[in-house]
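Taking it in order: structure first as structure tokens, then the write-up.
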Amino acid sequence: MLLRRAVRGVKLLLVPVLICLFSELLPRTEAGKSFEDVRCKCICPPYRNISGHIYNNNVSQKDCDCLHVVEPMPVPGHDVEAYCLLCECKYEERSSTTIKVTIIIYLSVVGSLLLYMVFLLLVEPLIRKQQSYSQPLHNEEENEDVRPSLGAEGLTRSRSNTVLERVEGAQQRWKRQVQEQRKTVFDRHKMLS
């Protein structure tokens, strides 16, 4: 059940990443790219009986004015100059490639973290199963006393589990300390020293 959810989550994450990658690999025309990356935006407020409107058009920076962007012109010929003086036109430029690369990097990082989480979810039951069959863990000091007396084969086997044993041992010690602190504070109503 847990594995199915994890696989479903990975599929949901990989689909947008693959779509972005394939769309980036497909050839594009130069006109299509310039349409996405540059535009002139004119914001025209209400004028007489005409409501305000926002106009966008793909023109060069030198042609970014009301006369080249506002189509069709909503006012008659003699009011065009007065109408255009009210409009505020701005030339906008962006890099869609930079935006796509940033999104791909972000999705890759999130995807790798998700895969790491799935890996940890799959490995944890194996660790717990192995722990239930093994002896109770000893303190780290006792493990260091035993290691020098082991032979070469025992030392190799001991080294392979030492990191896991240390983490588990530290976790167990931390849990015991928390339990003792709870007893001291809540049961005995004493301050910690």
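The model shown is predicted, which means the values in this text are computed figures rather than measured ones. All values below were derived from every heavy atom in this structure, side-chain atoms included, with hydrogens, water molecules and symmetry-related copies excluded.
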(request) Working to the nearest 0.5 Å, report the span between NE2 of His68 and SG of Cys42. (result) 11.0 Å

(request) Is it possible for you to say whether Leu67 and Ile50 belong to one hydrophobic cluster, with membership spreading through side-chain heavy-atom contacts below 4.5 Å? (result) yes

(message) Can you confirm whether Tyr47 sits close enough to Asp79 that some side-chain heavy atom of one is under 4.5 Å from a side-chain heavy atom of the other?
(response) yes

(request) Walk me through it: do Arg39 and Lys41 pass the test side chain to side chain contact (heavy atoms under 4.5 Å, CB included)? (result) CA-CA 6 Å; Arg39 71 177 179 178; Lys41 180 179 182 181; 4.1 Å; yes

(message) Counting C-beta onward and ignoring hydrogens, is there a side-chain heavy-atom pair between Cys44 and Leu86 closer than 4.5 Å?
(response) no

(message) Hydrophobic cluster membership, with links at side-chain heavy-atom distances under 4.5 Å among I/L/V/M/F/W/Y: are Val80 and Val70 in one?
(response) yes

(message) Side chains of Tyr83 and Met73, heavy atoms from C-beta outward: is any pair under 4.5 Å?
(response) yes

(message) Test side chain to side chain contact (heavy atoms under 4.5 Å, CB included) on Asp65 and Cys84; report intermediate values, then the result.
(response) CA-CA 8 Å; Asp65 59 8; Cys84 282; over 6 Å; no

(request) Could you tell me the separation between the SG atom of Cys66 and the CD atom of Glu81, rounded to the nearest 0.5 Å? (result) 10.5 Å

(message) I need the Glu180 CD to Arg176 CZ distance, nearest 0.5 Å.
(response) 8.0 Å

(request) May I ask you to test the Val38-Arg94 pair for a side-chain heavy-atom distance under 4.5 Å? (result) no

(message) Lys90 vs Glu88, test: salt bridge (charged side-chain N to carboxylate O under 4.0 Å, His left out). Steps then yes/no.
(response) CA-CA 7 Å; Lys90 290 183 182 177; Glu88 181 183 339; 3.7 Å; yes

(request) Check step by step if side chain to side chain contact (heavy atoms under 4.5 Å, CB included) holds for Tyr106 and Thr102. (result) CA-CA 6 Å; Tyr106 174 76; Thr102 305; 5.6 Å; no

(request) Kindly confirm or rule out an SG-SG distance below 2.5 Å between Cys89 and Cys64. (result) no

(request) Measure the spacing between CD1 of Ile105 and NZ of Lys100 and express it to the nearest 0.5 Å. (result) 14.5 Å

(message) Rounded to the nearest 0.5 Å, what separates atom CZ in Arg173 from atom CZ in Arg166?
(response) 10.5 Å

(request) State which residue, out of Asn57, Asn56, Asn58, fulfils the side-chain contact (heavy atoms from CB on, under 4.5 Å) condition with Val69. (result) Asn57

(message) Can you tell me how far apart CG (Leu107) and CG (Leu114) are? Round to the nearest 0.5 Å.
(response) 11.5 Å

(message) Test side chain to side chain contact (heavy atoms under 4.5 Å, CB included) on Met117 and Leu120; report intermediate values, then the result.
(response) CA-CA 5 Å; Met117 182 187 76; Leu120 290 178; 5.7 Å; no

(message) Can you list everything that forms a ring-ring contact (aromatic ring centres under 6.0 Å, His included) with Tyr55? Sequence neighbours excluded, please.
(response) His53

